[in-house]
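Just so it is clear, the model here is predicted, and its values are computed rather than measured.
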Amino acid sequence: LAVAASQVALPAPGLGTLQLDPALIVVVTQGQLPAQPRLATRPWSMKIPAGLQGLAFYWQSILVGAQSELLSNCVTTRL
């Protein structure tokens, strides 16, 4: 899972479209998710520092399976 403060649309052959600005990408976490459940099993929240309120962040992940790899859709979070 990665995040960036700017969104772009760069073709990534064989993966899809990279929608995070490569100059600003920060890898937040990596790991394996279980096949079930597909929905979050617990809420997660944090306080928003005053200096970040009003900003937008863009999230995208790379999905790796036995047969292929692909980029997920981009999700926007506005603070």
Would you kindly confirm whether [X] and [Y] end up in one hydrophobic cluster when ILVMFWY residues are joined by side chain heavy atoms under 4.5 Å apart?
X     : Y     : result
Tyr58 : Leu24 : no
Leu20 : Phe57 : no
Trp59 : Leu55 : yes

Is it true that a side-chain atom of Ser72 and a backbone atom of Ser61 form a donor plus acceptor pair closer than 3.5 Å?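 Yes, Ser72 side chain to Ser61 backbone: donor-acceptor pair under 3.5 Å.
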Taking atom CG of Asn73 and atom CD of Gln60, what is their separation to the nearest 0.5 Å?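 Reported value, rounded in 0.5 Å steps: 8.0 Å.
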Calculate, to the nearest 0.5 Å, the distance between atoms CG and CG belonging to Leu63 and Leu71 respectively.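 Spacing of CG (Leu63) from CG (Leu71) equals 8.0 Å.
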With side chain to side chain contact (heavy atoms under 4.5 Å, CB included) as the test, pick out the partner of Val3 among Thr77, Val28, Val27, Ile25. Val28
I need the minimum non-hydrogen distance between Pro11 and Pro13, along with the two atoms involved. O-CD, 3.6 Å
Just wondering, do Thr17 and Cys74 contact through their side chains at under 4.5 Å, heavy atoms?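 Contact flag for Cys74/Thr17 side chains = no.
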Before giving the answer on side-chain contact (heavy atoms from CB on, under 4.5 Å), spell out for Leu70 and Leu15 the whole-Å C-alpha distance, their side-chain angles and the decisive distance to 0.1 Å. CA-CA 4 Å; Leu70 61 103; Leu15 296 175; 5.5 Å; no
